[in-house]
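Read the structure below first, then the notes.
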Amino acid sequence: MKPIRRVGILTAGGDSPGLNAAIRAVGKSLLSTGIEVIGFRDGFQGLIDYQTVLLDKHALAGILTVGGTVLGTSRVKPHRVEIRGTVHNLTGAIVDNCARRGLDALVCIGGGGTHKNALHLVEQGLKVVTLPKTIDNDLAFTDATIGFDTALGIATEAVDRLHSTAHSHHRIVIAEIMGHRAGWLALGAGIAGGADVILIPEIPYDVRRVADAILRRCEHGTNFSIVAVAEGALSNADAPAIATLLRRRQQARSQAEKLKAKRELDKLYAAHEGNTLRLARRLEELTRLEARVTILGYVQRGGAPSAADRLLATRLGTACAQCVRRGVFGVMVAARGDTTRTVPIHKVAGSLKTVPPNHPWIQAARRVGTCLGN
Ligand code: F6P
């Protein structure tokens with residue numbers, strides 16, 4: 001095998017706490033064995049433009065505890081770049097350029113989109129290792145993703161804090177929690193924060209059942225309720241149309257069919273923006289209680305990573321450097337219990353990890369009497 005002398009790192013997709021800890025871990029371990037490390041600016045955009053920064057020991061110092069990513073990020077997809085109205089696949093050109101410039105391998109730190117992008121590069125012959133990062137925790141084949149623990153802590157604290165104001169005003173307070181199309185964050189924060197109702201995309205909800213649960217609390221003398229709702233949660237009136245399109249996209253026989261289903265799906269999801277506000281109005285009508293909405297938004301992604309995320313990023317990042325040194329490429333370094341394992345990127349790309357209906361968190365929530373909307 002050709003010796004590895006120069007390795008690039010990029011961070012892509014939504015930022016999340018722990019990215020810098022991961023950059024530091026990969027960088028420091030590679031530097032310690034004499035490998036030069038460079039960073040690409042703003043995710044795959046930096047790879048397209050070959051915009052780099054040297055990651056020497058000075059650049060890597062003092063970033064362990066810092067939120068966001070020192071490299072910047074973006075959601076650019078190299079296989080679908082629009083130039084003057086035409087869509088181009090730049091993957092081949094990128095791989096040639098990397099070879100010309102003496103880049104021996106690339107580390108991509110990101111979530112679902114990043115893994116799809118990385119797979120295109122792997123298929124064109126680039127040596128890639130990935131690390132799982134997303135506050136949504138929706139990447140398959142890994143126990144944990146970098147950023148989830150911090151976001152979970154922030155969302156839990158928010159749910160905690162909403163209790164006293166809901167209680168004081170005898171209101172329904174709804175906290176909208178991120179998570180894209182998966183319910184891990186809302187479910188985790190809802191359970192940990194003691195929400196009375198938790199609504200997630202995996203369990204379409206019946207608004208009447210939610211109202212009944214709130215009214216039952218009133219009958220028992222508790223005239224406030226906290227609802228933790230995932231941003232992707234759907235009512236059972238909205239869920240079937242989405243499920244049909246998801247199936248169509250999955251069963252599509254051509255790229256064009258797949259794209260068409262994806263576009264329709266995006267449109268449908270866009271139509272559901274504002275769902276949480278509509279839910280609040282409907283619950284007011286059904287319960288005659290006042291309802292308020294708090295959208296936690298980007299607060300969940302901001303600031304310093306938790307100890308657990310720093311630890312996870314350091315574990316995965318150093319294992320990633322080991323893969324590079326040993327010539328193990330085309331893999332994601334995943335968390336598996338106390339250790340790590342490698343999973344082929346082609347398995348990870350496109351496989352979403354949603355909350356299974358019989359997951360222990362769901363069972364625990366039901367056992368403590370939390371309404372899950374169904
Ligand atoms: O994937 C992380 C995430 O924060 C999701 O929870 C959320 O739906 C999305 O990113 C928001 O994306 P953007 O940063 O592009 O607004």
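Start at 1 with the first residue, then count along the sequence.
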Tell me which one of Lys2, Arg6, Arg5 satisfies salt bridge (Lys or Arg N to Asp or Glu O under 4.0 Å) with Asp104. Lys2
I'd like to know if the side chain of Thr11 and the backbone of Gly43 have a donor-acceptor N/O pair within less than 3.5 Å. no
Note: Arg315 and Ala335 closest approach over all heavy atoms is NH2-CB, 4.1 Å
Once you round to the nearest 0.5 Å, how far does NZ of Lys116 lie from OG of Ser351? 9.5 Å
Under a 4.0 Å N-O cut-off, is there an ion pair linking Lys267 with Glu264? no
Ile177 side, atom CD1; Thr156 side, atom OG1 - distance, nearest 0.5 Å: 7.5 Å
Backbone of Ala291 reached by a side-chain donor or acceptor of Glu284 within 3.5 Å: yes
As a quick check of understanding, evaluate side chain to side chain contact (heavy atoms under 4.5 Å, CB included) for Ile172 and Val197, giving each step before the final call. CA-CA 10 Å; Ile172 301 167; Val197 178; over 6 Å; no
Salt bridge (charged side-chain N to carboxylate O under 4.0 Å, His left out) with Arg249: which residues, sequence neighbours excluded? none
Counting only N and O atoms by type, is there a donor-acceptor contact under 3.5 Å from the side chain of Thr145 to the main-chain atoms of Thr134? yes
Please tell me if the side chains of Leu286 and Arg208 come closer than 4.5 Å, counting only heavy atoms from C-beta onward. yes
Polar side-chain atom of Thr150 near backbone of Ser306 as donor-acceptor pair, under 3.5 Å: yes
How long is the gap from CG on Asp149 to CG on Asp309, to the nearest 0.5 Å? 5.0 Å
Validation row: Leu121, Leu47 side chains within 4.5 angstrom (heavy atoms): yes
If only atom types and distance count, is the side chain of Lys133 paired as donor or acceptor with the main-chain N or O of Ala12 below 3.5 Å? yes
I'd like to check Phe44 versus Ile94 (side-chain heavy atoms, cut-off strictly below 4.5 Å). Are they in contact? no
Scanning both residues in full, the closest heavy-atom pair of Val7 with Leu103 reads C-CD1, 3.9 Å
Close side-chain approach of Ile242 to His272, heavy-atom, < 4.5 Å: yes
Here's a test for you: under side chain to side chain contact (heavy atoms under 4.5 Å, CB included), which of Val128, Leu106, Asn117 qualifies with Val122? Val128
Partners of His180 by ring pair (Phe, Tyr, Trp, His ring centres under 6.0 Å), sequence neighbours excluded? none
Group every Ile, Leu, Val, Met, Phe, Trp and Tyr by side-chain heavy-atom contacts under 4.5 Å, then state whether Tyr50 and Ile83 land in the same group. yes
Please step through side chain to side chain contact (heavy atoms under 4.5 Å, CB included) for the pair Phe224 and Val173, ending with a clear verdict. CA-CA 8 Å; Phe224 76 93; Val173 174; over 6 Å; no
May I ask you to decide if Asn358's main-chain N or O and Gln363's side chain share a donor-acceptor pair within less than 3.5 Å? yes
Looking at Ile200 and Ala186, what are the two nearest heavy atoms and their distance? CG2-CB, 4.2 Å
Quick one: does Val355's side chain get under 4.5 Å of Ile362's, heavy atoms only? yes
Please round to the nearest 0.5 Å and tell me the distance separating atom CG of Leu119 and atom NE2 of His346. 8.0 Å
Give a yes or no on this: more than 12 heavy atoms of other residues, nucleotides or ligands lie within 6.0 Å of atom NZ of Lys353. yes
Give me the atom names and distance for the closest heavy-atom approach of Val87 to Arg80. CG1-CG, 3.3 Å
Has Thr130 got a side-chain atom pairing as donor or acceptor with Cys108's backbone, closer than 3.5 angstrom? no
List the residues meeting salt bridge (charged side-chain N to carboxylate O under 4.0 Å, His left out) with Arg341, not counting sequence neighbours, and say none if there are none. none
Looking at Ala182, is its backbone amide N or carbonyl O close enough to the side chain of Asp136 to form a donor-acceptor pair, meaning the two atoms are under 3.5 Å apart? no
Is there a path from Tyr298 to Leu162 through hydrophobic residues (I, L, V, M, F, W, Y) whose side chains come within less than 4.5 Å of each other? yes
Any ion pair linking Asp266 and Lys262 (charged N to carboxylate O, less than 4.0 Å)? yes
Check whether NZ of the Lys or CZ of the Arg Arg181 lies under 6.0 Å from the centre of the six-membered ring of Tyr269 and within 45 degrees of that ring's axis. yes
Checking the side chain of His359 only, and the main-chain atoms of Trp361 only, is there a donor and an acceptor separated by less than 3.5 Å? yes
Between Ala313 and Ala22 the two heavy atoms that sit nearest each other are CB-N, 3.6 Å
Partner of Pro132 by side chain to side chain contact (heavy atoms under 4.5 Å, CB included), out of Asn137, Val348, Leu316: Leu316
When rounded to the nearest 0.5 angstrom, what distance separates CD in Gln300 from CD1 in Ile295? 10.5 Å
If hydrophobic clusters are built by linking Ile, Leu, Val, Met, Phe, Trp and Tyr wherever their side-chain heavy atoms come under 4.5 Å apart, do Leu199 and Leu187 end up in the same one? no
Hphob cluster co-occupancy, Val293 + Ile226, side-chain heavy atoms under 4.5 angstrom: no
Look at the aromatic rings of His120 and His79 and report parallel, tilted or perpendicular, splitting at 30° and 60°. parallel
Nearest 0.5 Å, what's the OG-CG distance between Ser74 and Asp15? 12.0 Å
Of Arg282, Arg288, Arg281, which is the lone residue that meets side-chain hydrogen bond (donor to acceptor under 3.5 Å, both in side chains) with Glu285? Arg282
Verdict with reasoning, Ile174 to Leu283, per side chain to side chain contact (heavy atoms under 4.5 Å, CB included): CA-CA 10 Å; Ile174 305 177; Leu283 287 177; 4.2 Å; yes
Would Leu131 and Val26 satisfy side chain to side chain contact (heavy atoms under 4.5 Å, CB included), going step by step from the backbone distance to the final call? CA-CA 10 Å; Leu131 290 180; Val26 177; 3.9 Å; yes
Would you say that more than 12 heavy atoms from the other residues, nucleotides or ligands in this model lie under 6.0 Å from the CZ of Arg278, or not? yes
Any sub-3.5 Å donor-acceptor pair from Asp206's side-chain atoms to Asn374's backbone N or O? no
What I'd like to find out is whether the side chain of Leu296 reaches to under 4.5 Å of the side chain of Met178, using heavy atoms alone. no
Can you get from Ile38 to Leu60 by hopping between Ile, Leu, Val, Met, Phe, Trp and Tyr side chains that sit under 4.5 Å apart? no
Is the shortest side-chain N to carboxylate O distance from Glu157 to Arg161 below 4.0 Å? yes
Work out which heavy atom in Ile135 is nearest to a heavy atom in Phe148; give both atom names and the distance. O-CD1, 3.1 Å
